[in-house]
K.L.:
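Below are the structure tokens for one structure; questions will follow.
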Amino acid sequence: MHDQILTRIHSTTLGVLGGLVLLLGFLATPSIAEKKGERVYSFNAQGELIQPQGYREWIYVGTPVTPNELNNGKAAFPEFHNVYIHPDHFKKWKKTGAFPDGTILMKELVSVGSKQAVSGSGYFMGEFIGLEATIKDSRRFKSEPGQWAYFSFTREGKKPAKTGKAFPADKCNFCHQAFAKDDWVFTQYYPVLRAAKPGRK
Ligand code: HEC
């Protein structure tokens with residue numbers, strides 16, 4: 001009787017442990033895209049990037065803002081820029097401190113809304129007003145500097161477009177190449193990426 005109960009306890013424990021091992025294995029498994037070296041984004045037949053979905057649930061890295069008031073009333077980008085990186089690529093960045101082939105970052109533009117809150121004067125996010133993306137892809141963008149290409153879905157006063165064409169290098173890429181801290185990406189303004197970079201003191 002006693003033995004039977006012990007056996008039962010044992011098999012239950014083993015069952016639970018087995019379940020845990022399976023669960024851990026599952027959690028450690030790379031996502032399908034990462035495993036096959038596939039791309040997490042897609043292009044249509046005209047070579048336009050199809051607007052990625054669900055990016056607000058990717059890894060959020062920072063929000064630069066260059067308000068008009070600090071730029072003589074005419075900032076080039078007066079809105080907030082919420083920047084996200086795909087979780088697969090964030091994982092690699094954390095491990096290697098580099099952006100892997102196939103990296104995608106999204107930048108969502110948000111208007112400056114109220115400049116007053118109960119906490120004081122400042123800049124507070126208003127509405128979503130635009131969407132941009134950048135992709136590093138050595139197959140598709142072989143001839144782009146750094147293999148990075150830049151896209152916009154923004155349509156003034158309307159919802160972002162479903163697809164976006166790559167810009168020529170002298171419209172976007174050149175500025176990133178010249179001034180971004182890490183491989184064409186402005187990590188100097190993204191504390192989340194800096195904090196995750198390996199080897200950082
Ligand atoms: C005058 C320089 C300049 C030009 C030109 C430029 N950018 Fe940027 N871009 C920046 C800066 C600075 C940041 C980071 C701060 C910010 O977003 O305000 C940035 C950030 C980004 C990001 C977020 C990821 C990253 O690489 O840091 C995307 C996406 C982006 N830009 C897309 C574009 C697109 C699309 C164009 C062309 C239509 C463009 N950029 C042209 C300066 C530039």
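Just so you know, ligand 1 is whichever comes first in the structure, and atom 1 is the first atom listed for that ligand.
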K.L.:
Ring of Tyr41, cation from Arg140 - is the NZ or CZ under 6.0 Å from the centre and inside 45° of the axis?
P.N.:
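No; the conditions do not both hold, so Arg140 does not lie above the ring face of Tyr41.
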K.L.:
Give a yes/no on ligand 1: does Ala133 have at least one heavy atom closer than 4.0 angstrom to it?
P.N.:
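Ala133 counts as a contact of ligand 1 under the 4.0 Å cut-off.
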K.L.:
Are Tyr190 and Pro64 side-chain neighbours, meaning at least one heavy-atom pair lies under 4.5 Å?
P.N.:
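Yes, at least one pair of side-chain atoms sits under 4.5 Å.
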K.L.:
Quick one: does Val185 get within less than 4.0 Å of ligand 1, heavy atoms only?
P.N.:
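Contact present.
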K.L.:
Measuring from non-hydrogen atoms of Phe179 to any atom of ligand 1, is the shortest distance under 4.0 Å?
P.N.:
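Contact absent.
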K.L.:
Near Phe151, which atoms of ligand 1 are under 4.0 Å from a heavy atom of that residue?
P.N.:
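Those of ligand 1 that fall under 4.0 Å from Phe151 are 35 (C).
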K.L.:
Tell me the protein heavy atom at minimum distance from atom 22 (C) of ligand 1, and give that distance in Å.
P.N.:
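The closest one turns out to be Lys107 CD, 3.4 Å.
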K.L.:
Number the atoms of ligand 1 from 1 as they appear, then name those within less than 4.0 Å of a heavy atom of Tyr190, with their elements.
P.N.:
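Here the atoms of ligand 1 in question are 14 (C), 20 (C), 23 (C), 24 (C), 25 (C), 27 (O).
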K.L.:
If you count the atoms of ligand 1 from 1 in the order shown, which ones are under 4.0 Å from a heavy atom of Trp184?
P.N.:
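Those qualifying, in numeric order: 26 (O).
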K.L.:
With a 6.0 Å cut-off on ring centres, are Tyr150 and His176 close enough?
P.N.:
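They qualify: ring centres under 6.0 Å apart.
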K.L.:
Using a plain distance cutoff, I'd like to know if Ser152 has any nitrogen or oxygen under 3.5 Å from a nitrogen or oxygen of ligand 1.
P.N.:
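The answer is no, given that Ser152 and ligand 1 share no N or O pair closer than 3.5 Å.
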K.L.:
Among all protein heavy atoms, pick out the one at the shortest distance from atom 38 (C) of ligand 1; state its residue, atom name and that distance to 0.1 Å.
P.N.:
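Answer, as residue, atom name and distance: Cys172 SG, 2.7 Å.
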K.L.:
Return the residue, atom name and 0.1 Å-rounded distance of the protein heavy atom closest to atom 33 (C) of ligand 1.
P.N.:
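For atom 33 (C) of ligand 1, the nearest protein heavy atom is Glu132 OE1, 3.4 Å.
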K.L.:
For a 4.5 angstrom cut-off between non-hydrogen side-chain atoms, does Phe124 reach Lys115?
P.N.:
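They are not in side-chain contact.
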K.L.:
Counting backbone and side-chain atoms alike, does Cys175 have an N/O/S atom under 2.8 Å from atom 8 (Fe) of ligand 1?
P.N.:
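Cys175 does not place any N, O or S atom closer than 2.8 Å to atom 8 (Fe) of ligand 1.
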K.L.:
Please confirm whether Trp148 comes under 4.0 Å of ligand 1, counting heavy atoms of the residue only.
P.N.:
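Trp148: no contact with ligand 1 (<4.0 Å).
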K.L.:
Is there a path of hydrophobic side-chain contacts, each under 4.5 Å between heavy atoms, that joins Val83 and Leu109?
P.N.:
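The answer is no; the residues belong to distinct hydrophobic clusters.
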K.L.:
Name the closest protein heavy atom to atom 18 (O) of ligand 1, giving the residue it belongs to and the distance to 0.1 Å.
P.N.:
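It is His81 ND1, 2.9 Å.
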K.L.:
Would you say that Phe43 contacts Ile135 through its side chain, given a criterion of any heavy-atom pair below 4.5 Å between the two side chains?
P.N.:
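Of all side-chain heavy-atom pairs linking Ile135 with Phe43, at least one is under 4.5 Å.
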K.L.:
With rounding to the nearest 0.5 angstrom, report the CG to OG1 distance, Asp183 to Thr103.
P.N.:
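Between Asp183 CG and Thr103 OG1, I get 8.0 Å after rounding to 0.5 Å.
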K.L.:
Do me a favour and list the nearest non-hydrogen protein atom to atom 19 (C) of ligand 1 with residue, atom name and distance?
P.N.:
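Nearest protein contact, heavy atoms only, for atom 19 (C) of ligand 1 is Phe186 CD1, 3.5 Å.
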K.L.:
Determine whether Ile104 and Phe141 fall in the same hydrophobic cluster, where Ile, Leu, Val, Met, Phe, Trp and Tyr are linked whenever their side-chain heavy atoms lie under 4.5 Å apart.
P.N.:
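In one cluster: yes.
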K.L.:
Within 45° of the six-membered ring axis of Phe186 and under 6.0 Å from that ring's centre, is NZ or CZ of Lys107 located there?
P.N.:
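Verdict for Phe186: no cation-pi partner in Lys107.
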K.L.:
Write out the residue and atom name of the closest protein heavy atom to atom 15 (C) of ligand 1, then the distance separating them to 0.1 Å.
P.N.:
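Nearest neighbour among protein heavy atoms for atom 15 (C) of ligand 1, to 0.1 Å: Pro64 CG, 3.5 Å.
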K.L.:
Specify the protein heavy atom at minimum distance from atom 7 (N) of ligand 1: its residue, its atom name, and the distance to 0.1 Å.
P.N.:
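Scanning the protein heavy atoms, the shortest distance from atom 7 (N) of ligand 1 goes to His176 NE2, 3.1 Å.
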K.L.:
When you measure from the side chain of Asn173 to the backbone of Pro145, do you find a donor-acceptor pair of N or O atoms at a distance under 3.5 Å?
P.N.:
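Between the backbone of Pro145 and the side chain of Asn173 there is a qualifying donor-acceptor contact (under 3.5 Å).
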